[in-house]
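Lettering follows sequence order; numbering is per chain, from 1.
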Amino acid sequence: MTVTAPPTTTGPGTHDVADARPRFRPWRWVATAVLALVAAQILTFLVTNERFGWDVVAAHLFAPSVLAGLGTTVLLAVLAMLIGSVLGGLLAAAQLSGFGPLRWAATTYVGVFRGIPPLVQLIFWFNLAYLLPEISIGIPFGGPDLVSWNANDLITPLTAGVIGLSLVESAYLAEIIRAGVLGVDQGQREAASAMGFTPLQTFFRIVLPQAMRVIIPPSGSQFISVLKGTALVSVIAMNDLLHSVQVIYNQTYEIVPMLLVACIWYLTVVTLLTIGQRRLERRFARGHVRTAPTGGAS
Amino acid sequence: MSPVLSLRGTTKRFGDHTALDAVDLDVAEGEVVVVIGPSGSGKSTLVRCVHQLESVDGGGMYLDGELLGYSEHRGALRPLTPRGTAAQRRRVGMVFQQFNLFPHFSALRNVSEAPRRVHGRTAGEAEREATALLDRVGLGDRLHHYPRQLSGGQQQRVAIARALATRPRILLFDEPTSALDPELVEEVLGVLRGLARDGLTMVVVTHEMAFAREVADRVVFMEAGRIVETGPPAQIFGSPRSERLHSFLSRHTREVPA
(Lines give C-alpha, C1' and ligand atoms only; values in the text may rest on other atoms or scores of the structure.)
Protein backbone atom coordinates (compact mmCIF):
# COMPACT_ATOMS: atom_id res chain seq x y z
CA MET A 1 0.00 0.00 0.00
CA THR A 2 1.24 3.46 -0.90
CA VAL A 3 -0.85 5.52 1.51
CA THR A 4 1.86 8.13 1.90
CA ALA A 5 2.39 8.54 -1.84
CA PRO A 6 2.14 12.15 -3.09
CA PRO A 7 -1.03 13.00 -5.11
CA THR A 8 1.00 13.20 -8.32
CA THR A 9 1.32 9.44 -8.34
CA THR A 10 -0.54 7.87 -11.22
CA GLY A 11 -1.79 4.35 -11.75
CA PRO A 12 -4.83 2.43 -10.55
CA GLY A 13 -5.49 2.23 -6.84
CA THR A 14 -3.47 5.28 -5.84
CA HIS A 15 -6.38 7.78 -5.64
CA ASP A 16 -9.61 8.21 -3.73
CA VAL A 17 -11.97 10.85 -5.17
CA ALA A 18 -13.78 11.01 -1.82
CA ASP A 19 -10.87 13.19 -0.63
CA ALA A 20 -11.15 15.58 -3.58
CA ARG A 21 -11.60 19.27 -2.83
CA PRO A 22 -14.04 21.56 -4.73
CA ARG A 23 -12.85 22.95 -8.04
CA PHE A 24 -11.25 26.40 -7.86
CA ARG A 25 -13.52 28.81 -9.78
CA PRO A 26 -11.88 32.27 -9.91
CA TRP A 27 -14.58 33.88 -12.10
CA ARG A 28 -17.15 33.27 -9.41
CA TRP A 29 -15.10 35.40 -7.04
CA VAL A 30 -14.89 38.13 -9.65
CA ALA A 31 -18.66 38.00 -10.30
CA THR A 32 -19.39 38.16 -6.57
CA ALA A 33 -17.18 41.22 -6.19
CA VAL A 34 -18.83 43.00 -9.13
CA LEU A 35 -22.36 42.24 -7.85
CA ALA A 36 -21.47 43.41 -4.34
CA LEU A 37 -20.06 46.64 -5.77
CA VAL A 38 -23.20 47.31 -7.84
CA ALA A 39 -25.46 46.57 -4.87
CA ALA A 40 -23.47 48.92 -2.64
CA GLN A 41 -23.66 51.64 -5.29
CA ILE A 42 -27.44 51.32 -5.65
CA LEU A 43 -27.92 51.33 -1.89
CA THR A 44 -25.77 54.45 -1.48
CA PHE A 45 -27.72 56.17 -4.24
CA LEU A 46 -31.04 55.30 -2.59
CA VAL A 47 -29.92 56.48 0.85
CA THR A 48 -27.85 59.59 0.07
CA ASN A 49 -29.96 61.14 -2.70
CA GLU A 50 -32.34 63.35 -0.79
CA ARG A 51 -34.68 63.76 -3.74
CA PHE A 52 -36.10 60.31 -3.08
CA GLY A 53 -37.73 61.97 -0.09
CA TRP A 54 -38.01 58.92 2.10
CA ASP A 55 -39.65 61.00 4.83
CA VAL A 56 -42.46 61.88 2.37
CA VAL A 57 -42.72 58.20 1.39
CA ALA A 58 -43.07 57.22 5.04
CA ALA A 59 -45.66 59.93 5.64
CA HIS A 60 -47.90 58.81 2.75
CA LEU A 61 -47.36 55.03 2.70
CA PHE A 62 -50.39 54.42 4.90
CA ALA A 63 -52.39 57.49 3.93
CA PRO A 64 -56.13 56.61 3.77
CA SER A 65 -56.47 57.70 0.14
CA VAL A 66 -53.47 55.54 -0.87
CA LEU A 67 -54.84 52.51 0.99
CA ALA A 68 -58.24 53.06 -0.65
CA GLY A 69 -56.49 53.18 -4.03
CA LEU A 70 -54.63 49.98 -3.19
CA GLY A 71 -57.96 48.35 -2.27
CA THR A 72 -59.46 49.36 -5.61
CA THR A 73 -56.42 48.02 -7.47
CA VAL A 74 -56.56 44.66 -5.71
CA LEU A 75 -60.35 44.43 -6.12
CA LEU A 76 -60.07 45.18 -9.83
CA ALA A 77 -57.28 42.63 -10.32
CA VAL A 78 -59.16 39.93 -8.39
CA LEU A 79 -62.42 40.55 -10.27
CA ALA A 80 -60.64 40.58 -13.64
CA MET A 81 -58.84 37.35 -12.74
CA LEU A 82 -62.00 35.59 -11.50
CA ILE A 83 -64.19 36.60 -14.43
CA GLY A 84 -61.26 36.06 -16.80
CA SER A 85 -60.68 32.52 -15.47
CA VAL A 86 -64.30 31.45 -15.88
CA LEU A 87 -64.56 32.98 -19.36
CA GLY A 88 -61.11 31.67 -20.25
CA GLY A 89 -62.06 28.14 -19.19
CA LEU A 90 -65.19 28.25 -21.35
CA LEU A 91 -63.21 29.67 -24.27
CA ALA A 92 -60.55 26.96 -23.91
CA ALA A 93 -63.28 24.31 -23.93
CA ALA A 94 -64.78 25.92 -27.03
CA GLN A 95 -61.39 26.00 -28.77
CA LEU A 96 -60.89 22.31 -28.01
CA SER A 97 -64.40 21.42 -29.13
CA GLY A 98 -64.96 19.17 -32.11
CA PHE A 99 -67.71 21.53 -33.29
CA GLY A 100 -66.28 23.89 -35.93
CA PRO A 101 -68.39 27.05 -35.53
CA LEU A 102 -67.81 27.09 -31.76
CA ARG A 103 -64.08 26.65 -32.28
CA TRP A 104 -63.90 29.45 -34.85
CA ALA A 105 -65.91 31.82 -32.65
CA ALA A 106 -63.58 31.22 -29.68
CA THR A 107 -60.48 31.60 -31.82
CA THR A 108 -61.78 34.92 -33.20
CA TYR A 109 -62.57 36.15 -29.70
CA VAL A 110 -59.07 35.31 -28.45
CA GLY A 111 -57.52 36.94 -31.52
CA VAL A 112 -59.47 40.18 -31.08
CA PHE A 113 -59.11 40.66 -27.34
CA ARG A 114 -55.49 39.62 -27.24
CA GLY A 115 -54.67 41.69 -30.28
CA ILE A 116 -55.94 45.14 -29.18
CA PRO A 117 -53.87 46.99 -26.54
CA PRO A 118 -55.63 46.90 -23.15
CA LEU A 119 -55.39 50.68 -22.85
CA VAL A 120 -57.34 51.12 -26.08
CA GLN A 121 -59.95 48.57 -24.92
CA LEU A 122 -60.42 50.38 -21.60
CA ILE A 123 -61.05 53.73 -23.28
CA PHE A 124 -63.35 52.00 -25.74
CA TRP A 125 -65.49 50.41 -23.02
CA PHE A 126 -65.56 53.67 -21.11
CA ASN A 127 -67.05 55.33 -24.20
CA LEU A 128 -69.51 52.55 -24.93
CA ALA A 129 -72.42 54.92 -24.36
CA TYR A 130 -71.55 56.65 -27.63
CA LEU A 131 -72.07 53.41 -29.55
CA LEU A 132 -74.97 52.02 -27.52
CA PRO A 133 -76.87 54.79 -25.70
CA GLU A 134 -79.14 52.17 -24.22
CA ILE A 135 -78.27 48.64 -23.17
CA SER A 136 -81.21 46.25 -23.09
CA ILE A 137 -82.05 42.59 -22.87
CA GLY A 138 -84.95 41.57 -25.09
CA ILE A 139 -86.00 39.86 -28.29
CA PRO A 140 -83.35 40.44 -30.97
CA PHE A 141 -83.96 42.27 -34.27
CA GLY A 142 -86.57 44.77 -33.16
CA GLY A 143 -88.52 42.72 -30.62
CA PRO A 144 -89.67 44.23 -27.34
CA ASP A 145 -87.13 44.94 -24.61
CA LEU A 146 -87.45 43.11 -21.33
CA VAL A 147 -84.95 45.14 -19.31
CA SER A 148 -82.98 48.19 -20.37
CA TRP A 149 -80.42 50.52 -18.86
CA ASN A 150 -78.98 53.85 -19.78
CA ALA A 151 -75.41 53.08 -20.87
CA ASN A 152 -74.09 56.23 -19.23
CA ASP A 153 -75.37 55.05 -15.84
CA LEU A 154 -74.15 51.50 -16.35
CA ILE A 155 -70.66 52.21 -17.66
CA THR A 156 -68.88 53.71 -14.69
CA PRO A 157 -65.09 53.72 -14.52
CA LEU A 158 -65.41 50.56 -12.37
CA THR A 159 -67.55 48.58 -14.82
CA ALA A 160 -65.49 49.76 -17.78
CA GLY A 161 -62.32 48.73 -15.95
CA VAL A 162 -63.68 45.35 -14.91
CA ILE A 163 -65.10 44.58 -18.36
CA GLY A 164 -61.97 45.70 -20.20
CA LEU A 165 -59.49 43.87 -18.00
CA SER A 166 -61.64 40.70 -17.72
CA LEU A 167 -61.99 40.37 -21.47
CA VAL A 168 -58.24 40.77 -22.01
CA GLU A 169 -57.53 38.30 -19.20
CA SER A 170 -59.99 35.73 -20.52
CA ALA A 171 -58.25 35.73 -23.91
CA TYR A 172 -54.82 35.12 -22.37
CA LEU A 173 -56.11 32.58 -19.84
CA ALA A 174 -57.97 30.69 -22.58
CA GLU A 175 -54.63 30.08 -24.30
CA ILE A 176 -52.96 29.06 -21.04
CA ILE A 177 -55.76 26.64 -20.09
CA ARG A 178 -55.92 25.21 -23.59
CA ALA A 179 -52.19 24.48 -23.56
CA GLY A 180 -52.50 22.87 -20.12
CA VAL A 181 -55.36 20.60 -21.18
CA LEU A 182 -53.56 19.60 -24.37
CA GLY A 183 -50.54 18.66 -22.26
CA VAL A 184 -52.45 15.90 -20.46
CA ASP A 185 -51.82 12.50 -22.03
CA GLN A 186 -54.65 11.16 -24.18
CA GLY A 187 -54.37 7.86 -22.29
CA GLN A 188 -55.68 9.63 -19.17
CA ARG A 189 -58.89 10.52 -20.95
CA GLU A 190 -59.21 6.99 -22.30
CA ALA A 191 -58.61 5.46 -18.88
CA ALA A 192 -61.19 7.78 -17.32
CA SER A 193 -63.83 6.98 -19.90
CA ALA A 194 -62.92 3.31 -19.54
CA MET A 195 -63.85 3.64 -15.86
CA GLY A 196 -67.26 4.93 -16.91
CA PHE A 197 -66.66 8.57 -16.03
CA THR A 198 -68.89 10.96 -17.93
CA PRO A 199 -67.11 13.63 -20.04
CA LEU A 200 -67.67 16.26 -17.32
CA GLN A 201 -66.32 13.98 -14.57
CA THR A 202 -63.36 13.12 -16.77
CA PHE A 203 -62.59 16.80 -17.28
CA PHE A 204 -62.98 17.99 -13.69
CA ARG A 205 -61.58 14.97 -11.81
CA ILE A 206 -58.88 13.68 -14.12
CA VAL A 207 -57.81 16.14 -16.81
CA LEU A 208 -58.03 19.53 -15.07
CA PRO A 209 -56.14 18.58 -11.86
CA GLN A 210 -53.26 17.34 -14.01
CA ALA A 211 -53.45 20.33 -16.34
CA MET A 212 -53.30 22.67 -13.32
CA ARG A 213 -49.63 21.84 -12.89
CA VAL A 214 -48.96 23.40 -16.28
CA ILE A 215 -51.64 26.11 -15.96
CA ILE A 216 -50.62 27.65 -12.63
CA PRO A 217 -47.16 29.14 -13.34
CA PRO A 218 -48.23 31.17 -16.41
CA SER A 219 -51.54 32.07 -14.71
CA GLY A 220 -49.56 33.45 -11.79
CA SER A 221 -47.59 35.66 -14.17
CA GLN A 222 -50.88 36.63 -15.75
CA PHE A 223 -52.35 37.63 -12.38
CA ILE A 224 -49.27 39.75 -11.74
CA SER A 225 -49.56 41.40 -15.13
CA VAL A 226 -53.27 42.16 -14.63
CA LEU A 227 -52.46 43.68 -11.24
CA LYS A 228 -49.96 45.97 -12.92
CA GLY A 229 -52.37 46.45 -15.81
CA THR A 230 -54.90 47.99 -13.44
CA ALA A 231 -52.68 51.09 -13.46
CA LEU A 232 -54.16 51.74 -16.90
CA VAL A 233 -57.58 52.51 -15.41
CA SER A 234 -56.16 55.76 -14.01
CA VAL A 235 -56.68 57.16 -17.53
CA ILE A 236 -60.44 56.66 -17.18
CA ALA A 237 -60.33 58.51 -13.87
CA MET A 238 -60.69 55.50 -11.64
CA ASN A 239 -59.28 55.84 -8.12
CA ASP A 240 -56.78 53.03 -8.24
CA LEU A 241 -53.39 53.02 -6.50
CA LEU A 242 -51.61 54.97 -9.24
CA HIS A 243 -54.44 57.50 -9.46
CA SER A 244 -54.46 58.02 -5.69
CA VAL A 245 -50.75 58.95 -5.64
CA GLN A 246 -51.19 61.11 -8.74
CA VAL A 247 -53.88 63.12 -6.96
CA ILE A 248 -51.44 63.81 -4.14
CA TYR A 249 -48.39 64.70 -6.25
CA ASN A 250 -50.46 66.95 -8.51
CA GLN A 251 -50.90 69.16 -5.44
CA THR A 252 -47.51 68.73 -3.72
CA TYR A 253 -45.25 68.11 -6.76
CA GLU A 254 -43.50 65.32 -4.82
CA ILE A 255 -43.68 63.11 -7.85
CA VAL A 256 -40.80 60.72 -7.14
CA PRO A 257 -41.62 59.99 -3.47
CA MET A 258 -45.28 59.38 -4.31
CA LEU A 259 -44.37 57.03 -7.16
CA LEU A 260 -42.15 55.18 -4.71
CA VAL A 261 -45.19 54.72 -2.46
CA ALA A 262 -47.02 53.11 -5.39
CA CYS A 263 -43.97 50.97 -6.26
CA ILE A 264 -43.69 49.68 -2.71
CA TRP A 265 -47.35 48.62 -2.66
CA TYR A 266 -47.24 47.02 -6.11
CA LEU A 267 -44.14 45.04 -5.15
CA THR A 268 -45.69 43.99 -1.83
CA VAL A 269 -48.84 42.62 -3.47
CA VAL A 270 -46.86 40.92 -6.27
CA THR A 271 -44.59 39.26 -3.69
CA LEU A 272 -47.60 37.96 -1.78
CA LEU A 273 -49.08 36.65 -5.03
CA THR A 274 -45.82 34.90 -5.90
CA ILE A 275 -45.75 33.17 -2.52
CA GLY A 276 -49.35 32.04 -3.03
CA GLN A 277 -48.47 30.74 -6.48
CA ARG A 278 -45.57 28.65 -5.16
CA ARG A 279 -47.89 27.08 -2.57
CA LEU A 280 -50.46 26.21 -5.22
CA GLU A 281 -47.74 24.71 -7.40
CA ARG A 282 -46.64 22.44 -4.57
CA ARG A 283 -50.22 21.37 -3.98
CA PHE A 284 -50.76 20.33 -7.58
CA ALA A 285 -47.35 18.65 -7.82
CA ARG A 286 -48.90 15.73 -5.89
CA GLY A 287 -47.81 12.46 -7.42
CA HIS A 288 -45.08 14.12 -9.46
CA VAL A 289 -42.25 13.53 -7.03
CA ARG A 290 -40.57 10.15 -6.92
CA THR A 291 -39.96 10.07 -3.19
CA ALA A 292 -41.98 7.55 -1.21
CA PRO A 293 -44.84 8.81 0.98
CA THR A 294 -43.87 9.49 4.58
CA GLY A 295 -44.10 6.37 6.70
CA GLY A 296 -44.29 4.03 3.70
CA ALA A 297 -41.58 1.61 2.69
CA SER A 298 -40.18 1.97 -0.79
CA MET B 1 -75.99 -19.85 -22.45
CA SER B 2 -75.91 -16.65 -24.48
CA PRO B 3 -72.47 -15.07 -24.86
CA VAL B 4 -71.36 -12.09 -22.76
CA LEU B 5 -69.84 -10.40 -25.79
CA SER B 6 -70.78 -10.85 -29.43
CA LEU B 7 -69.22 -9.21 -32.47
CA ARG B 8 -71.02 -9.51 -35.80
CA GLY B 9 -69.32 -8.18 -38.91
CA THR B 10 -67.51 -5.55 -36.87
CA THR B 11 -65.58 -3.31 -39.24
CA LYS B 12 -63.21 -0.44 -38.50
CA ARG B 13 -61.37 1.70 -41.04
CA PHE B 14 -58.67 4.32 -40.52
CA GLY B 15 -58.80 6.26 -43.78
CA ASP B 16 -58.03 3.73 -46.55
CA HIS B 17 -56.72 1.16 -44.09
CA THR B 18 -59.17 -1.48 -42.89
CA ALA B 19 -58.15 -2.28 -39.33
CA LEU B 20 -61.04 -4.68 -38.65
CA ASP B 21 -62.60 -6.48 -41.55
CA ALA B 22 -66.03 -7.92 -40.69
CA VAL B 23 -64.94 -9.65 -37.49
CA ASP B 24 -67.27 -12.20 -35.86
CA LEU B 25 -66.50 -13.27 -32.29
CA ASP B 26 -68.41 -14.65 -29.30
CA VAL B 27 -67.05 -14.69 -25.77
CA ALA B 28 -68.94 -16.91 -23.31
CA GLU B 29 -69.34 -16.34 -19.59
CA GLY B 30 -66.12 -17.23 -17.74
CA GLU B 31 -64.20 -17.78 -20.94
CA VAL B 32 -60.61 -16.56 -21.40
CA VAL B 33 -59.99 -15.60 -25.02
CA VAL B 34 -56.41 -14.74 -25.95
CA VAL B 35 -55.90 -12.79 -29.16
CA ILE B 36 -52.54 -13.20 -30.92
CA GLY B 37 -51.22 -11.96 -34.23
CA PRO B 38 -48.53 -9.77 -35.80
CA SER B 39 -48.29 -6.01 -35.15
CA GLY B 40 -50.93 -4.12 -37.10
CA SER B 41 -53.19 -7.15 -37.35
CA GLY B 42 -56.02 -5.29 -35.57
CA LYS B 43 -55.88 -7.01 -32.18
CA SER B 44 -55.59 -3.78 -30.21
CA THR B 45 -58.19 -2.10 -32.38
CA LEU B 46 -60.53 -4.99 -31.59
CA VAL B 47 -60.51 -4.41 -27.82
CA ARG B 48 -60.45 -0.63 -28.23
CA CYS B 49 -63.58 -0.85 -30.37
CA VAL B 50 -65.35 -3.08 -27.85
CA HIS B 51 -64.58 -0.46 -25.23
CA GLN B 52 -65.85 2.29 -27.57
CA LEU B 53 -62.57 4.15 -27.46
CA GLU B 54 -62.79 3.91 -31.24
CA SER B 55 -66.01 4.22 -33.18
CA VAL B 56 -66.76 1.35 -35.54
CA ASP B 57 -67.74 1.75 -39.19
CA GLY B 58 -69.86 -1.32 -39.68
CA GLY B 59 -71.46 -4.38 -38.11
CA GLY B 60 -72.65 -4.59 -34.52
CA MET B 61 -71.20 -5.36 -31.11
CA TYR B 62 -73.37 -6.70 -28.30
CA LEU B 63 -72.79 -6.88 -24.56
CA ASP B 64 -75.22 -9.34 -22.96
CA GLY B 65 -77.30 -8.96 -26.07
CA GLU B 66 -77.42 -5.15 -25.91
CA LEU B 67 -76.12 -3.23 -28.91
CA LEU B 68 -73.04 -1.17 -27.99
CA GLY B 69 -72.82 2.52 -28.85
CA TYR B 70 -76.17 2.90 -30.58
CA SER B 71 -79.85 2.76 -29.81
CA GLU B 72 -82.79 2.25 -32.09
CA HIS B 73 -85.10 5.18 -32.43
CA ARG B 74 -88.14 5.02 -34.77
CA GLY B 75 -86.51 2.31 -36.81
CA ALA B 76 -83.18 4.11 -37.25
CA LEU B 77 -79.94 3.62 -35.31
CA ARG B 78 -78.59 6.72 -33.59
CA PRO B 79 -75.34 7.07 -31.60
CA LEU B 80 -75.83 7.03 -27.83
CA THR B 81 -75.23 10.19 -25.84
CA PRO B 82 -71.88 10.39 -23.99
CA ARG B 83 -73.82 9.55 -20.83
CA GLY B 84 -75.30 6.43 -22.44
CA THR B 85 -71.89 5.35 -23.70
CA ALA B 86 -70.41 5.88 -20.23
CA ALA B 87 -73.13 3.66 -18.74
CA GLN B 88 -72.21 0.83 -21.15
CA ARG B 89 -68.48 1.26 -20.54
CA ARG B 90 -69.02 0.75 -16.83
CA ARG B 91 -69.87 -2.87 -17.58
CA VAL B 92 -66.57 -3.40 -19.41
CA GLY B 93 -63.14 -3.21 -17.75
CA MET B 94 -60.00 -2.27 -19.61
CA VAL B 95 -56.30 -2.60 -18.86
CA PHE B 96 -53.99 -0.58 -21.10
CA GLN B 97 -50.49 -1.27 -22.39
CA GLN B 98 -49.26 2.02 -20.88
CA PHE B 99 -51.18 1.46 -17.58
CA ASN B 100 -52.69 4.99 -17.76
CA LEU B 101 -52.95 5.27 -13.99
CA PHE B 102 -54.03 8.68 -12.73
CA PRO B 103 -50.71 10.21 -11.58
CA HIS B 104 -52.31 12.68 -9.16
CA PHE B 105 -54.08 9.93 -7.19
CA SER B 106 -52.55 7.38 -4.81
CA ALA B 107 -52.85 3.68 -5.69
CA LEU B 108 -55.83 3.40 -3.33
CA ARG B 109 -57.61 6.37 -4.85
CA ASN B 110 -56.90 5.16 -8.39
CA VAL B 111 -58.87 2.04 -7.52
CA SER B 112 -61.58 3.62 -5.34
CA GLU B 113 -62.36 6.70 -7.45
CA ALA B 114 -64.63 5.07 -10.01
CA PRO B 115 -66.71 3.07 -7.49
CA ARG B 116 -67.22 6.29 -5.55
CA ARG B 117 -67.91 8.73 -8.36
CA VAL B 118 -69.53 6.45 -10.88
CA HIS B 119 -71.19 3.72 -8.85
CA GLY B 120 -72.17 5.85 -5.89
CA ARG B 121 -70.41 3.85 -3.15
CA THR B 122 -69.53 5.67 0.04
CA ALA B 123 -65.89 6.64 0.57
CA GLY B 124 -65.44 4.04 3.32
CA GLU B 125 -67.02 1.24 1.30
CA ALA B 126 -65.00 2.10 -1.82
CA GLU B 127 -61.75 2.22 0.12
CA ARG B 128 -62.42 -1.10 1.85
CA GLU B 129 -63.10 -2.76 -1.49
CA ALA B 130 -60.09 -1.06 -3.09
CA THR B 131 -57.84 -2.25 -0.26
CA ALA B 132 -59.08 -5.80 -0.76
CA LEU B 133 -58.48 -5.59 -4.52
CA LEU B 134 -54.96 -4.19 -4.10
CA ASP B 135 -54.31 -7.03 -1.64
CA ARG B 136 -55.50 -9.48 -4.27
CA VAL B 137 -52.91 -8.18 -6.78
CA GLY B 138 -50.23 -8.30 -4.07
CA LEU B 139 -49.99 -4.57 -3.38
CA GLY B 140 -51.59 -4.34 0.05
CA ASP B 141 -48.46 -2.52 1.28
CA ARG B 142 -48.47 0.11 -1.47
CA LEU B 143 -51.89 1.73 -0.87
CA HIS B 144 -50.63 5.28 -0.42
CA HIS B 145 -47.93 5.27 -3.07
CA TYR B 146 -48.40 7.41 -6.14
CA PRO B 147 -47.99 5.72 -9.54
CA ARG B 148 -44.62 7.39 -10.11
CA GLN B 149 -43.30 5.72 -6.96
CA LEU B 150 -44.17 2.25 -8.25
CA SER B 151 -42.40 -0.04 -10.71
CA GLY B 152 -44.00 -0.77 -14.06
CA GLY B 153 -45.20 -4.19 -12.91
CA GLN B 154 -46.71 -2.70 -9.75
CA GLN B 155 -48.41 0.05 -11.77
CA GLN B 156 -49.95 -2.48 -14.09
CA ARG B 157 -51.22 -4.50 -11.12
CA VAL B 158 -52.83 -1.34 -9.71
CA ALA B 159 -54.40 -0.82 -13.14
CA ILE B 160 -55.83 -4.36 -13.01
CA ALA B 161 -57.24 -3.73 -9.52
CA ARG B 162 -58.75 -0.50 -10.86
CA ALA B 163 -60.40 -2.31 -13.75
CA LEU B 164 -61.82 -4.91 -11.34
CA ALA B 165 -63.20 -2.25 -8.99
CA THR B 166 -66.21 -1.51 -11.18
CA ARG B 167 -67.13 -5.24 -11.23
CA PRO B 168 -67.22 -5.41 -15.03
CA ARG B 169 -68.97 -8.20 -16.95
CA ILE B 170 -65.88 -8.61 -19.09
CA LEU B 171 -62.25 -7.53 -18.75
CA LEU B 172 -60.22 -6.43 -21.77
CA PHE B 173 -56.41 -6.44 -21.73
CA ASP B 174 -54.58 -4.50 -24.44
CA GLU B 175 -51.04 -5.95 -24.46
CA PRO B 176 -50.75 -5.63 -20.67
CA THR B 177 -47.10 -6.70 -20.48
CA SER B 178 -45.66 -5.08 -23.62
CA ALA B 179 -44.45 -1.93 -21.83
CA LEU B 180 -42.78 -3.88 -19.01
CA ASP B 181 -39.17 -4.83 -18.41
CA PRO B 182 -38.79 -8.58 -19.05
CA GLU B 183 -38.27 -9.44 -15.38
CA LEU B 184 -41.56 -7.70 -14.45
CA VAL B 185 -43.73 -9.50 -17.00
CA GLU B 186 -44.21 -12.58 -14.84
CA GLU B 187 -45.70 -10.72 -11.84
CA VAL B 188 -48.44 -9.30 -14.08
CA LEU B 189 -49.10 -12.60 -15.87
CA GLY B 190 -49.35 -14.22 -12.43
CA VAL B 191 -52.22 -11.86 -11.56
CA LEU B 192 -53.91 -12.64 -14.88
CA ARG B 193 -53.66 -16.39 -14.20
CA GLY B 194 -55.32 -15.84 -10.85
CA LEU B 195 -58.20 -13.93 -12.47
CA ALA B 196 -58.65 -16.67 -15.06
CA ARG B 197 -58.81 -19.28 -12.29
CA ASP B 198 -61.44 -17.18 -10.52
CA GLY B 199 -63.63 -17.52 -13.58
CA LEU B 200 -63.57 -13.95 -14.89
CA THR B 201 -64.57 -13.39 -18.50
CA MET B 202 -61.49 -11.99 -20.23
CA VAL B 203 -60.19 -11.00 -23.65
CA VAL B 204 -56.39 -10.71 -23.59
CA VAL B 205 -54.37 -9.28 -26.46
CA THR B 206 -50.77 -10.40 -25.97
CA HIS B 207 -47.47 -11.43 -27.49
CA GLU B 208 -46.81 -13.87 -24.64
CA MET B 209 -47.29 -17.22 -26.44
CA ALA B 210 -46.44 -19.34 -23.39
CA PHE B 211 -49.13 -17.50 -21.43
CA ALA B 212 -51.67 -17.96 -24.22
CA ARG B 213 -50.95 -21.66 -24.38
CA GLU B 214 -51.29 -22.06 -20.62
CA VAL B 215 -54.25 -19.87 -19.70
CA ALA B 216 -56.46 -19.46 -22.77
CA ASP B 217 -59.69 -21.38 -23.15
CA ARG B 218 -59.61 -20.30 -26.76
CA VAL B 219 -56.95 -18.61 -28.89
CA VAL B 220 -57.84 -16.23 -31.71
CA PHE B 221 -55.24 -15.59 -34.39
CA MET B 222 -55.70 -12.34 -36.29
CA GLU B 223 -53.98 -10.98 -39.36
CA ALA B 224 -54.78 -7.96 -41.56
CA GLY B 225 -57.95 -7.18 -39.63
CA ARG B 226 -59.42 -10.69 -39.93
CA ILE B 227 -59.72 -13.63 -37.61
CA VAL B 228 -57.73 -16.22 -39.52
CA GLU B 229 -57.96 -19.11 -37.12
CA THR B 230 -59.52 -19.81 -33.76
CA GLY B 231 -59.49 -22.80 -31.45
CA PRO B 232 -58.25 -24.28 -28.18
CA PRO B 233 -54.55 -23.61 -27.48
CA ALA B 234 -53.56 -27.21 -28.10
CA GLN B 235 -54.91 -27.01 -31.64
CA ILE B 236 -53.63 -23.50 -32.41
CA PHE B 237 -50.11 -24.15 -31.14
CA GLY B 238 -49.99 -27.92 -31.83
CA SER B 239 -51.47 -28.22 -35.29
CA PRO B 240 -52.00 -24.82 -36.95
CA ARG B 241 -54.10 -25.26 -40.08
CA SER B 242 -53.32 -22.06 -41.98
CA GLU B 243 -49.93 -21.30 -43.49
CA ARG B 244 -49.97 -17.80 -42.00
CA LEU B 245 -50.48 -18.99 -38.42
CA HIS B 246 -47.76 -21.56 -38.99
CA SER B 247 -45.22 -18.94 -40.08
CA PHE B 248 -46.33 -16.54 -37.30
CA LEU B 249 -45.77 -19.22 -34.68
CA SER B 250 -42.42 -20.30 -36.09
CA ARG B 251 -41.29 -16.66 -35.81
CA HIS B 252 -42.58 -16.28 -32.25
CA THR B 253 -41.86 -19.60 -30.62
CA ARG B 254 -38.19 -19.14 -31.43
CA GLU B 255 -38.20 -16.29 -28.92
CA VAL B 256 -40.45 -18.07 -26.44
CA PRO B 257 -39.51 -21.73 -26.22
CA ALA B 258 -42.35 -24.00 -25.15
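Heavy-atom distances place the backbone of B:L101, and not its side chain, under 4.5 Å from chain A. Only the side chain of B:F105 comes within contact range of chain A, judged by heavy atoms closer than 4.5 Å. Neither the backbone nor the side chain of B:V95 comes within contact range of chain A; no heavy atoms are under 4.5 Å apart. Both the backbone and the side chain of A:Q188 come within less than 4.5 Å of a heavy atom in chain B. For B:R91, no part lies near chain A; criterion is any non-hydrogen pair under 4.5 Å. Both the backbone and the side chain of B:F102 come within contact range of chain A, judged by heavy atoms closer than 4.5 Å. If you measure heavy-atom distances from A:R189 to chain B, you find no contacts under 4.5 Å at all. Using a 4.5 Å cut-off between heavy atoms, B:Q88 does not touch chain A at all. Residue B:P147: no heavy atom, backbone or side chain, is found under 4.5 Å from chain A.
Residues A:A191 and B:R162 share a closest heavy-atom pair of CB-NH2, 3.5 Å. Of all heavy-atom pairs spanning B:H51 and A:A194, the tightest one is CE1-CA, 3.2 Å.
Across A:R213, A:Q210, A:Q201, the residue that shares the most heavy-atom pairs under 4.5 angstrom with chain B is A:Q210. Chain A forms the most heavy-atom pairs under 4.5 Å with one residue out of B:H104, B:R48, B:M94, and that residue is B:H104. Per-residue counts of heavy-atom pairs under 4.5 Å with chain A were compared for B:Q98, B:E113, B:H119; the largest is that of B:E113.
Contact check for B:R89 versus A:F197: no side-chain heavy atoms found under the 4.5 Å cut-off. In this structure, A:T198 and B:P82 have side chains that are not in contact, with every pair of non-hydrogen atoms separated by 4.5 Å or more.
How far CD of A:Q186 is from CG of B:N100: 9.5 Å, rounded to the nearest 0.5 Å.
Around OH of A:Y266, the count of heavy atoms belonging to other residues, nucleotides or ligands within 6.0 Å exceeds 12.
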